[in-house]
Structures are given as structure tokens and as C-alpha cells.
**Q** 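First the structure, which I've put down as C-alpha cells, then a few questions once you've had a look.
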Amino acid sequence: MPVLHQPRDLDEACTLLAELDDPMVYGGGTAIQILLKQGLLFAENLVDLSFVPGLTAIEATATGIRVGAMTPLRRMETDAQVAGVVPLAAATYGHVANPRVRNTASVGGNIAHGDYRLDPPTALLALDAQVELRSAHGQRRVPVRDFFVDFQLTAVEHGELITAIEIPAQPAGSASSYVKLSSLGENDWPSASAAALLVTEAGRRTLRLGIGALAPIPQFVSVDVSGHDLETTVEAAKAAADPLIDPIPDVRGSVTYKRRLGLVAVEDAVRRAWKDQDDD
Amino acid sequence: MTETALREGGEEPAVGARWQRAAARGKVRGTTKYVADLPVPPCAQVAVYRSTRPHARILAVDVTQAAALPGVQAVVTGQDLFALLGERLLTGPAFADQPALAYDRVRYVGEPVAAVLARDLATARAAVDLIAVEYEDLEPVYDVETALKGEFFVHDVLRPSSVFGDLSHLRGKRDTNVCYEYNLRTGDVDAVPTDGVTTVSGEFWSPPVAHVPIELPCTTAWVEDDRLEILTTTQTPSYVRQAVADLLDLPLNKVRVRTSVLGGSFGSKMYDRLEPLAAALAWSQQTAVRLVATREEAFLLTTRHGAGVTSSMSADADGNIVAATADVAYDTGAFADVGPRITAKSGMVAAGPYRVENAWIRSRCIYTNKPSAGPFRGFGVPQVTWSHESLVDELARELGEDPAEFRRRHLLREGDEAPMGTVMHSADFVGCLDAVTDEIGWTTPYEKGEGRWRRGRGVAVGMKAVLTPTIANAVIQLNQDGSATLMISTVDMGQGSDTIMPQIVAEVLHLDEGSVRVVAADTDTTPYDTITAGSRSTYHTGNAVRAAAEKMRDKLVDLAAQRLGVAASDCKVTSGGVMSTTAQETVSISDLMHGHFGARGTTLTAEANFTTSWQPYDHETGRSRQVTEHWFAGAVAVEILVDTMTGRVKVEQLAVAGDVGRAINPTLVEQQLTGAAIMGIGHALFDELVFDQGQIVNGTLLDYQLPSVRDVPAKLTAHVIESAHRTGPFGAKGVGETGILAIAPAIANAVRDAVGVRITRLPLSPERVLEAMTEAGVS
Amino acid sequence: MRMLNLTVNGRVHDVPVDDNELLLDVLRTKVGCTSVREGCGVGACGACTVLVDGRSVSSCLALAVRHDGAEIVTADGLPGDDAVVEAFVECGAMQCGYCIPGFVLMTHELLAENPQPDAEQIAAHLEGNICRCGTYPEICAAVTSAAARGARL
Ligand SMILES: Cc1cc2nc3c(=O)[nH]c(=O)nc-3n(C[C@H](O)[C@H](O)[C@H](O)COP(=O)(O)OP(=O)(O)OC[C@H]3O[C@@H](n4cnc5c(N)ncnc54)[C@H](O)[C@@H]3O)c2cc1C
Ligand code: FES
Ligand code: FES
């Protein structure tokens with residue numbers, strides 16, 4: 001059993017991460033506990049962030065909002081500020097697992113977990129969020145679009161922890177939607193997911209797409225859809241998404257099926273975002 | 001729904017009343033104690049080393065490191081137990097083929113090989129990781145096709161265990177993977193003229209699935225003086241006592257098996273689960289041990305048989321069903337468990353609930369190197385229903401007939417002889433079918449849709465025989481204050497026996513709601529009962545309970561007659577006590593007993609036995625004039641939507657009907673029907689244990705899918721059909737399985753209706769539906 | 001081992017716990033709340049649900065030592081006339097009963113946030129709780145009935 005450490009401030013946490021053998025940040029612990037039970041976790045030391053002050057704040061910034069790494073996922077779905085500034089993120093976080101897991105799991109632990117099927121990264125990719133990291137050596141920021149490096153591998157380096165995620169506000173007049181398709185029970189992990197954000201800026205219309213569960217890491221693509229109608233937008237979105245789809249076969253579907261399902265998720269997300277825009 | 005008329009004096013009858021479920025409030029607040037919540041002596045916690053090989057000889061088990069770990073009290077291997085118990089180590093309800101710990105050979109990935117007893121679970125688990133086993137791999141048999149080739153055998157020799165009456169004909173055998181074969185020969189399918197005959201056929205597959213009651217299996221065993229006490233999650237306490245007594249060579253009165261209400265079971269907590277191992281450990285170590293399966297381990301303990309059915313159905317030019325064939329193969333995994341019974345009882349109904357003159361059925365139970373399969377709600381029948389209800393639907397379509405109307409024309413009716421030779425009674429298939437088709441408006445036209453979502457409707461009918469012969473006993477203790485205690489070994493797992501058995505007592509003795517309490521099964525006090533399973537308890541134990549209550553009534557009448565100096569025939573039991581018409585007097589139970597015994601708090605007991613008999617089926621033809629004590633009849637109708645882009649099936653409406661003879665408690669009956677339907681939706685759409693080289697791939701609740709509130713149809717209705725059984729208690733029969741039999745084929749028939757594809761493999765996963773549509777060129 | 005201070009159903013408990021112990025095990029074995037049960041151990045069934053400071057948590061995934069000073073509510077500690085309990089009892093929302101305390105607590109959380117939930121909101125809140133007996137129709141009816149009674153903790 002790994003040893004648990006409960007630092008009281010960020011510096012102490014960073015020092016522990018720098019100095020301990022095989023340390024692992026303990027966020028909400030929902031993923032870590034499962035790995036422990038499955039005998040798949042080999043860390044010797046767990047550094048629990050729950051007593052580090054300042055990691056659960058949701059603050060407005062000049063460009064959007066900043067969310068502390070230990071903010072429970074459920075607050076992302078229920079917080080009025082999040083829903084107002086980044087409705088796509090609020091909607092997407094609300095799709096994770098179930099309310100109990102969302103009450104416990106943290107925003108930082110969620111992306112650090114790095115599972116390719118996670119819901120939130122799709123929205124964070126579309127919204128161009130930045131991940132704030134800290135270590136004994138200082139602080140750095142990594143765009144979410146560079147954060148997922150390889151299968152279950154993220155940009156978090158040894159000795160680092162995530163302190164916050166900054167999400168730029170959804171531009172005025174934008175429209176968005178998140179679609180999660182499961183292939184077994186309705187309440188399952190996604191077999192394909194897509195977050196679509198339609199933005200009109202300086203006369204140009206862009207569709208930003210984050211897609212999940214369809215490749216070893218979450219994927220992002222942006223498509224210029226200026227002058228397109230709904231049908232051509234859908235076609236353009238599918239054409240752009242297709243090369244990014246590289247599914248991992250499992251009990252939830254074969255490569256062929258997931259590929260098909262992925263394109264449906266993209267299409268559904270675009271149509272709903274389009275409708276969202278018409279409704280506004 | 002029929003409501004019973006008030007009894008004389010405006011008194012509410014107990015049978016037919018919607019009494020609140022026993023312990024309702026305790027269940028809601030969580031104060032009801034399940035097995036794991038009950039106090040036990042301080043125990044060694046047990047963790048189990050499980051085989052990593054599907055089929056191998058055990059060359060050596062090295063436990064030195066494990067035994068040296070601080071906190072470890074003992075490490076016990078299969079070889080240790082074998083040295084102590086010899087062949088007695090092998091138990092099982094049909095064949096003695098299941099070792100509490102494997103000693104010479106492992107037969108599936110996950111089979112227990114050694115057990116660690118430690119002061120806490122974490123230590124026990126850590127020690128398990130230190131056990132090293134040396135194996136010599138044997139050729140694994142992963143599926144029934146390979147098993148039937150007979151090149152490699154899962155067991156070399158089979159020895160019957162001779163516990164149950166219906167399995168007393170089993171004989172020992174060797175060098176085969178087929179542990180049982182049932183054959184039905186009615187008429188002569190080969191002699192049916194082919195002229196003008198329409199035949200449909202198919203190869204149907206139902207995958208193995210897991211029961212997943214939310215309560216995990218838990219067994220505690222300890223030695224008290226020279227006796228073994230076991231507190232365990234079991235639906236078969238009487239069986240467990242016998243199995244453990246055989247295992248340890250103890251007299252029955254030195255083994256005490258207790259249980260509590262169960263947090264669901266569905267067939268998973270039956271026969272030999274954790275109990276033989278717990279018993280062997282406690283007895284050999286003379287200590288108290290506690291075994292609790294993790295969810296992952298529970299997946300390895302038992303499964304539902306994956307089953308393949310190659311079958312056909314033929315109709316002549318007039319649309320009469322003239323022949324049905326079915327070759328059924330049940331994959332029983334490493335152990336027979338009760339597979340032979342399942343094989344026979346499902347085989348005999350594999351032609352469906354129809355008038356069929358010529359039937360050929362072969363049903364086999366086949367060993368493979370996988371976790372053992374056992375009973376699961378429906379007892380093998382859903383797998384054959386999947387076949388006959390798909391075939392009959394397709395046959396109707398081929399003949400251009402309405403699938404519901406076609407069935408209605410051919411369904412067995414009261415007095416008809418079913419293909420296996422037994423005459424039907426109290427099995428109102430037509431009534432069930434009418435109820436569900438009426439409910440969904442079968443004959444009113446509906447929009448199938450042309451866009452992405454297509455609508456379809458389907459029906460299916462199910463038929464199952466109750467386990468026969470079996471034995472039930474009941475003891476009623478009437479207390480001087482007029483309350484009563486009922487001693488039966490029926491286990492309430494949610495089906496509601498603790499509610500309806502008191503209703504039967506109360507009906508006979510005119511007692512009030514809440515005045516009869518059922519004692520949790522305890523082999524020291526509650527009498528023998530074959531099993532709580534196969535929906536048999538309402539009828540069998542219900543009959544024993546009713547008979548015991550009637551004996552009690554006679555005792556009360558005699559006491560009153562004595563006291564009042566009147567003839568017994570002048571007295572009758574009413575809600576106020578025993579009434580004499582001549583004496584114009586009613587004596588309350590409490591006065592009567594006080595008067596008789598001269599003390600308060602006294603008790604009066606009455607007991608009864610109810611044993612059914614049968615005509616064993618002929619081993620050549622599989623036929624019997626009385627193969628079962630009674631039948632379960634059910635029907636399902638659904639309306640579904642198919643998403644043609646994703647292949648996902650959404651059940652919009654489902655109506656399920658069951659003939660229960662007489663509903664002792666209509667609310668509980670309806671709940672059994674809808675609950676089974678929801679479970680059935682999972683089996684139809686996504687429930688499936690996936691194996692890779694004999695290893696379960698999705699054996700956690702993160703991957704194994706169960707229906708959630710999201711999978712429930714917007715409209716779900718239960719329809720209780722009551723065609724009273726002549727020998728049922730107040731006409732009643734059971735219902736636990738009826739609702740599940742026909743769910744999957746009803747949904748598949750609706751998919752056929754919606755998008756024109758016939759899918760013969762379960763589950764109807766979106767991928768499978770989409771694939772079938774692509775193959776058929778439907779878009 | 002260290003001492004953990006927990007307020008469980010209004011009563012204060014000081015219990016010695018190991019760093020790696022789960023809240024589920026501490027509540028069951030050291031506080032005696034057997035209404036909290038393990039069904040899956042991975043957050044997927046809800047049998048182990050407790051309310052921590054009003055929020056539902058899977059105690060099978062929760063480290064006990066993180067909850068020092070927390071206010072915990074379990075179903076067996078609900079007041080005798082609790083509206084949610086009453087609603088479940090009256091709607092017959094139980095079969096084997098094993099999963100039900102978890103649903104009761106989820107219902108409390110839902111109604112505290114949203115006193116009049118519609119069917120979709122009820123489903124969204126309960127979708128991660130599994131009732132293998134399939135009591136969902138009765139459970140949903142009970143939630144609606146509890147809402148009508150005005151459930152309060
Ligand atoms: C039953 C169930 C169903 C689920 N279904 C879904 C689903 O449908 N969709 C979905 O998206 N997810 C799903 N999940 C996964 C869930 O989202 C993750 O478990 C959760 O987000 C992880 O967050 P956590 O804070 O608990 O992480 P932890 O378990 O604490 O940590 C996870 C990883 O992140 C690291 N970490 C944690 N915090 C930090 C930090 N601040 N800085 C650096 N590294 C850190 C840890 O070291 C560890 O490697 C499900 C989980 C469960 C249990
Ligand atoms: S046991 Fe915790 S959610 Fe299932
Ligand atoms: S009532 Fe049995 S699991 Fe829900």
C-alpha cells in the first residue's frame with residue numbers, strides 16, 4: 001500500500017513531488033482507487049491535494065474563467081458562472097459517470113487521468129483551454145490541445161501537478177453542443193463523443209470539434225465553414241473528423257463500428273449546435 | 001386483475017390483497033440486516049489464489065512466502081484438503097465434479113487453488129500475491145464445438161452426486177464432455193410430407209451472462225463445540241447442509257446453515273458457491289473464517305449458460321405447425337452444476353408452447369474450460385424461447401400471417417397435450433397474449449417511420465415447467481397472543497415470500513396484516529425445502545404452509561369445541577377468533593390458548609409437508625404424462641424504435657403478462673413481472689460476458705452493463721392472468737421467471753418488423769443491428 | 001492509525017483509521033452503519049452511497065482520512081418520518097431492498113437541489129444507481145411522490 005501524504009500548501013506539495021520516490025498526485029481518487037483495487041497502481045507515495053488551499057476556486061478572468069484543479073466535476077455542471085461563460089463545458093462535465101463520481105472526481109484529476117474516452121477533454125479542446133502546471137521548478141501553461149500526448153500519456157511531467165484549467169469564454173453568438181453515444185447501456189462510458197462549437201468572428205465562421213473515445217487520445221480539429229449551410233457544414237465536419245478517427249476495438253465495438261458511430265456523433269453534435277444557434 | 005370479494009362480516013381477505021412487502025421500511029432505511037451485516041465471531045479473513053490457466057495440471061504450489069507474511073494464520077491448498085477429505089472434496093448438485101480448491105488440475109481461469117487465512121483482508125490478499133503455482137498446461141476447450149469433437153476432456157471421470165430426486169437417474173461416465181443429453185421424439189419429423197410445407201430454420205445463440213445481484217456472496221463458517229455453523233448468502237440452505245455434511249462426513253445435525261434475506265440472487269446463490277470452501281477451511285483449521293467475494297470474483301462464481309440452438313419449424317399448406325426440431329447445446333463451463341436439469345427442462349419445451357405433432361429435440365449439456373454456468377432466472381428456457389419465438393414469427397411472416405394471430409391459432413390450450421406428452425392445465429397462453437397485444441394496440445395501425453428512426457412491434461410467448469418432483473415443509477407456531485411465527489426454509493431474495501406466505505396463513509386463520517412473521521432459514525429450526533428457486537415456492541411451500549395453517553385451524557376448532565362443549569363441526573375460525581353458532585359465542589385465539597394452557601405466552605404448533613411426484617420422462621422419447629406439477633405461461637409485446645444511424649434499439653413500450661394461477665399479492669406479482677422484464681431488456685440489448693481464451697474480459701461493473709433507469713421503457717405494464725391451478729394454494733403458482741422468458745425474442749421480432757432484419761445472435765447490440773442492416777442492404 | 005472525527009447522522013464518532021482505509025469500510029465496521037453496502041467497489045452501482053456534507057459520494061472510492069470533520073448522512077440515520085422514506089415505502093419501491101438506501105440518499109440530494117424534478121431530471125440523477133431487481137418504475141414514482149411531500153433533510 002502506498003504511503004499517503006497530505007501537504008498543507010502548494011509549495012509543500014511540490015517539494016513532496018520532487019523528493020519522494022514514485023509519487024502520485026491524489027486528486028479525487030476515483031481513478032486511483034480503482035487502479036489500487038485492480039492491483040495496477042505501483043506508486044509508492046500518494047500526495048493528496050485536498051488540504052491544499054486555493055485549488056477549488058472558480059474565478060472569472062479577463063478572457064474567461066479559471067478553475068482550480070481540485071474543483072469537483074459536479075460544480076462545473078451546477079455552477080452558474082461556468083454555465084454562463086462556457087456552457088459547452090458545463091454541459092460536457094454533466095455527462096461524466098454519475099453524480100457521485102462527479103462529486104468526488106476533480107477537474108485536474110480528470111484530465112490527468114488521460115483516458116481517451118473521457119468526456120470533458122472534448123469540450124476543453126473545442127474551447128481551447130490552457131492547463132496550468134506547477135512543480136518545484138516553477139509554473140508553466142500547456143494548451144489542452146498539446147496536453148494529450150499518447151495513449152494514457154499526458155504532458156504532466158514527473159514532479160508536476162495541475163493547479164488550474166483556464167477556459168476562454170465562449171464567444172458571443174457562438175453555439176455549441178456535446179453528444180455522447182454509448183453502445184451498451186445508456187449510462188455507459190461513451191463509445192464515441194463529440195463537442196461542437198460554432199463560432200462567428202470577424203465575418204468568418206469556424207466549427208471547432210473535439211472528439212473523444214475514437215482514437216488513443218482525444219482529438220481536435222477546426223473547420224472553416226464560412227458560407228456553409230447546415231448540410232455542407234455537416235459534410236465538412238465529417239470530412240475533417242474522419243482522418244482523426246482511429247478507434248480502439250473493445251467490448252463496446254469494433255473499429256468499423258466505432259468509426260461509423262464517431263461520424264454520427266460528429267453529425268449529431270453539429271446539427272444540435274446549429275439548432276442551438278437558431279434557437280438563440 | 002381480479003380482486004377477491006370480501007369475506008363474511010366485511011372482513012378483507014388476505015389472499016389477493018396488496019399487503020405491504022414485509023420489512024418494507026427496514027429495506028428503505030437500510031436497517032434490514034443481510035448476511036454480511038449479522039454479528040459473527042471474530043474471524044480469519046480469507047483471500048483466494050485463483051488459477052491463471054484455463055486448463056492445466058497443478059505440479060506444485062509454493063506457499064512458503066505467503067505463510068511467512070506477518071498476520072497470515074494459515075495457507076491451505078487444494079492438495080492439503082484432498083489429503084484430508086479425499087474425493088469428498090468434490091461436490092455438486094448433479095455430478096461431484098467441483099473441488100472446493102483445485103488439487104490436481106485447474107479447469108478455468110479463476111478457479112480457486114489455495115486460500116489464505118489472515119487477520120485482515122489486506123494481509124490475506126497480499127499473501128495471495130506471494131503464492132507461486134507451477135502448472136503443466138493441458139489443451140484448453142474453449143467452446144462447445146471443440147468440446148464435442150471429444151479430443152480433450154475437461155473431466156476424465158464423472159461421478160453422480162445423488163442429492164436430488166429428479167437427478168437420481170444420472171450415471172457415472174468417462175471420456176466425454178457431454179455430461180447430459182435429453183432427447184424428445186414426438187411423432188416422426190422425417191415422415192412429414194414436404195409437399196406444400198413451409199420450413200424456417202436458424203442458428204440461434206444466447207451468450208453467457210452474469211446474474212449480478214447487488215449483494216455480494218458472503219459466507220462465514222465457524223466451529224462451535226463439535227458442530228459447524230455456517231451463515232451464508234444462499235437460496236438453498238437445505239442443500240448446503242447436505243453438501244457440507246457429505247464433504248466433512250458429519251451427521252446433518254452437526255451442520256447448521258443459516259441465511260438472511262438476500263440482496264437479490266436470480267439463481268447465483270445456489271448450491272456450491274463459497275460454502276464448501278468456507279466449511280472445509282473452518283473445519284480443517286478449527287477456526288472461524290469469513291469469505292466475501294469481490295464483484296470481480298463473483299463474476300467467476302457462476303454464469304448463465306451460453307447456448308446455441310439449431311432449429312427449424314414447419315407449417316403445412318393450411319398453416320398448421322407440423323414439425324419442430326431443435327438441437328440445443330448448453331455450455332456449462334468447468335462444472336455441471338445443475339446443468340443436466342436445465343438441459344432436460346429446457347429441452348422439453350424447445351418446440352414452444354404450440355400444438356406440434358412431430359418434434360425432434362436434442363438438448364446437451366457440455367463442459368468447457370470456462371467458469372461454471374448454473375441456474376439463472378428462467379433456468380435455460382430463455383435460450384430456447386429465443387429460438388422458438390424467432391422461428392414462429394418468421395414462419396408467420398413467410399405464410400403472410402399476422403405473427404400474433406398465427407401464434408394465437410396454434411398455442412396450447414387447457415387440455416391439449418404438449419409435445420413432451422403432458423396435458424396442459426392452468427397455462428393460459430392465449431390470455432397472456434391477448435392481454436399484451438391489447439395493451440399495445442397490436443391491431444391498430446402505426447407509423448413505421450421513414451427517416452432515421454424506425455418503429456416496430458413484436459410479440460413473443462414463453463413456456464416453462466416447474467421443477468418436479470420437489471419437497472416442501474412448513475411449521476407454524478401460533479402464539480398465545482394471536483400472532484404467529486412461520487418456519488420455512490424459503491429464502492426471501494426480493495421475490496416476496498416473507499410477505500405472501502404470511503398472507504396464506506392469515507387467510508386460513510383469519511389473522512391481520514403484520515401478525516405472521518417468517519423466520520429466516522436456519523437448518524436447526526426451519527424444515528427441509530428443496531430449493532428457493534425456479535419460481536416453485538409459492539406453489540410448493542405455499543401448499544405446505546396452507547396445509548399447516550389448516551391443521552392449526554383444526555386444532556383451534558378442537559380447542560374451542562372442548563371449551564364451549566359443542567361439536568367441532570359447529571365451530572369456525574373468524575377474524576375475532578373461533579365462533580360457535582350454537583353457543584352464539586366467539587372465543588379469541590388468545591383466550592382460547594390461555595384457557596387451554598393456563599399460561600400466557602404459550603405456543604401451539606402445526607406442521608405439514610408437501611411433496612410432488614412425477615412420471616420420469618422416458619429416456620428414449622423424453623415423453624411423460626406428467627413431467628411437471630405445473631406450468632408457467634407468459635407473453636410479451638413491445639414497441640421499439642431503431643436508430644438506423646447507430647443501430648441502437650430503444651424500447652418505447654413493453655407489456656408483459658404472466659399466468660400466475662392466482663395472485664396472492666398482485667403488487668408483488670406485478671413487480672416480479674416488470675422487474676424480470678427490465679432484466680430481460682438487458683439480456684436482449686447488451687448484457688453479455690465476453691471471453692478471450694477462456695478469460696472474462698468484462699468482469700467488472702465498469703465494463704459489464706446492467707440496465708439503469710435510462711433503459712426502462714417509457715411505458716411498462718404488467719398484466720396478471722389468473723387461470724387458477726386446481727392444486728395450487730388458492731389456485732396460485734409462482735411468477736419469478738415468467739416475465740423474463742420472452743423478452744429478447746419479442747424485441748428481436750420488433751426489430752425484424754422495424755427494419756426487416758432477422759438477428760439470431762444475442763445481444764442485439766447496436767453494432768450487430770447495424771451490421772445486419774448493412775448485410776441486408778437496408779438503410 | 002490516526003483518529004478521525006466523523007459526525008454520522010448527527011452523532012460524533014472518533015474512530016481510529018488507517019491511511020488507506022475506505023470510508024465504506026470505516027462506516028460499516030467502525031461506526032456500524034450497515035445500510036452502506038458494497039456492490040461493485042468501483043463507483044458504478046451506488047449501493048455504498050452516503051451524503052458527505054450534503055453531497056452524494058461513493059464511499060467505496062473515498063479515502064476515510066479525507067473526511068475528518070465531515071458531516072455524514074446514511075439512510076439508517078434519516079429521521080423516522082422522513083418524507084423520502086415514507087414515499088419509498090408507500091410506493092412499494094423495493095424488492096430485495098439492497099440497493100434502496102442508496103437511491104433514498106440520491107433522492108435527498110436531488111430534491112435539495114431541485115425540489116420539483118421532472119422525469120428526465122430524475123433519470124439523470126439516478127442513472128448511476130443500479131437496481132438489479134428492476135424496481136426503477138416504483139423508485140421514480142417514489143421520487144415524484146417525495147417531491148410532492150416536500151422532502152427536507
Ligand atoms: C463508475 C465510473 C464511471 C465513469 N464514467 C466516466 C464517463 O462516462 N466519462 C468520463 O469522462 N469519465 C468517466 N469516469 C472517469 C472519471 O472521470 C475519472 O475517474 C475522474 O475524472 C478522475 O478524477 P479524480 O480527481 O478522481 O482523479 P484521481 O483518481 O485522483 O487521479 C487520476 C490521475 O490523475 C492524476 N492527478 C490527479 N490530480 C492531479 C493533479 N491535480 N495534477 C496532476 N495529476 C493529477 C493522478 O495522479 C492519477 O494519475 C468514470 C469513473 C467511474 C468510477
Ligand atoms: S460499491 Fe460503491 S458504487 Fe458500487
Ligand atoms: S431492490 Fe434489489 S437491487 Fe434494488
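Residue numbers begin at 1 in each chain, while the letters A, B, ... track the order of the sequences. Computed from a predicted model, the values in this text were never measured in an experiment. Side chains included, hydrogens not; waters and symmetry mates left out as well; all remaining heavy atoms used.
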**Q** Could you work out, with side-chain contact (heavy atoms from CB on, under 4.5 Å) as the rule, every residue matching Ala36(B), not counting sequence neighbours?
**A** Cys218(B), Arg290(B), Arg28(C)

**Q** What distance do Leu36(A) atom CG and Leu46(A) atom CG have between them, rounded to the nearest 0.5 Å?
**A** 6.5 Å

**Q** Determine which donor-acceptor pairs between chain B and chain A fall under 3.5 Å and list them with their distances.
**A**
unit_1	atom_1	unit_2	atom_2	d
Arg452(B)	NH1	Asp268(A)	OD1	2.8
Arg452(B)	NH2	Asp268(A)	OD2	3.0
Thr646(B)	O	Tyr257(A)	OH	2.5
Arg648(B)	NE	Ser182(A)	O	3.4
Arg648(B)	NH1	Leu184(A)	O	3.4
Arg648(B)	NH2	Ser182(A)	O	2.9
Arg648(B)	NH2	Ser182(A)	OG	3.3
Arg648(B)	NH2	Leu184(A)	O	2.7
Leu702(B)	O	Arg252(A)	NH2	3.0
Asp703(B)	OD1	Arg252(A)	NH1	3.1
Asp703(B)	OD1	Arg252(A)	NH2	3.3
Gln705(B)	OE1	Gly185(A)	N	3.2
Gln705(B)	NE2	Asp188(A)	OD1	3.0
Asp711(B)	OD1	Glu186(A)	N	3.2
Glu767(B)	OE1	Ser254(A)	N	3.0
Glu767(B)	OE2	Ser254(A)	OG	2.5
Thr774(B)	OG1	Arg260(A)	NH1	3.1

**Q** Do Val149(A) and Ile217(A) touch side chain to side chain, with heavy atoms closer than 4.5 Å?
**A** no

**Q** Would you mind checking which part of Leu181(A) comes under 4.5 Å of any heavy atom in chain B, side chain (CB onward), backbone (N, CA, C, O), both or neither?
**A** side chain

**Q** Identify which part of Pro766(B) has an atom lying under 4.5 Å from any heavy atom of chain A, answering side chain, backbone, both or neither.
**A** both

**Q** Among all residues two or more places apart in sequence or in another chain, which pass the side-chain contact (heavy atoms from CB on, under 4.5 Å) test with Ala746(B)?
**A** Ala460(B), Val636(B), Val638(B)

**Q** Examine whether an atom of Ile681(B) lies under 4.5 Å from a heavy atom of chain A, and if so say whether it belongs to the side chain, the backbone or both; otherwise answer neither.
**A** neither

**Q** Find the distance between CG (Leu689(B)) and CD1 (Ile696(B)) and round it off to the nearest 0.5 Å.
**A** 5.0 Å

**Q** So what's closer than 4.5 Å to chain B heavy atoms on Leu263(A): side chain, backbone, both or neither?
**A** neither

**Q** Just jot down the side-chain contact (heavy atoms from CB on, under 4.5 Å) partners of Ala83(A), sequence neighbours excluded, or say none.
**A** Ala90(A)

**Q** Establish, yes or no, whether the cationic atom of Lys370(B) lies under 6.0 Å from the six-membered ring centre of Phe691(B) and within 45° of the ring axis.
**A** yes

**Q** About how many Å separate CD of Gln653(B) and CZ of Arg455(B), when rounded to the nearest 0.5 Å?
**A** 10.0 Å

